[in-house]
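Report on one structure; see the data block that follows.
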Amino acid sequence: MGIWSRFDKTLYYLIYFNTLIQLYCMSNYVVTNIRLAEEDYLRLKEEAARGRKSFSAVIREKISIRKADDNYAAKLLSVSGNWFDKSEYDANRTELDKRLSFS
């Protein structure tokens, strides 16, 4: 049957394609090392197990920055009511700037 048995070829292809898939899928990640308190580690490990996710996926989810809504300020200002007074804001901002300039 030659040097390579059928099992060896299958195993080789599985390892080769698995490596290619990992390189393709994980090309956007940077490997890092973080320190966690044991209590936090166990809590996150439990959360990963409950959610059937990897520990790394839970960490990435926790630290990911959510995309801000570009129209958030416009939406806030369009809310009816007297919840925001621009003149009061400007007065408070001016007072704050004065205080910070003396520091």
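The analysis underlying the following values was restricted to heavy atoms, covering all of them including side chains, and did not include hydrogens, waters or symmetry mates. Values in this document were obtained by computation on a predicted structure and should not be read as measured data.
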Reported [atom1]-to-[atom2] distance for the pair [X] and [Y], which is rounded to 0.5 angstrom:
X    : Y   : atom1 : atom2 : value
L100 : K98 : CG    : NZ    : 12.5 Å
S64  : I59 : OG    : CD1   : 11.5 Å
L42  : E38 : CG    : CD    : 5.0 Å
N92  : D97 : CG    : CG    : 11.0 Å

Can you list every ring pair (Phe, Tyr, Trp, His ring centres under 6.0 Å) pair that touches residues 36-56, not counting sequence neighbours?
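Matches after skipping sequence neighbours: Y41-F55.
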Please check if atom CD in E95 has more than 12 non-hydrogen atoms from other residues, nucleotides or ligands closer than 6.0 Å.
yes
Quick one: are R35 and N33 in side-chain contact, heavy atoms under 4.5 Å?
yes
Listed by chain and number, what are the side-chain contact (heavy atoms from CB on, under 4.5 Å) partners of E46, not counting sequence neighbours?
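So E46 forms a side-chain contact (heavy atoms from CB on, under 4.5 Å) with R50.
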Lys/Arg N to Asp/Glu carboxylate O, [X] vs [Y], below 4.0 Å:
X   : Y   : answer
E47 : K62 : yes
K53 : E61 : yes
D40 : R43 : yes

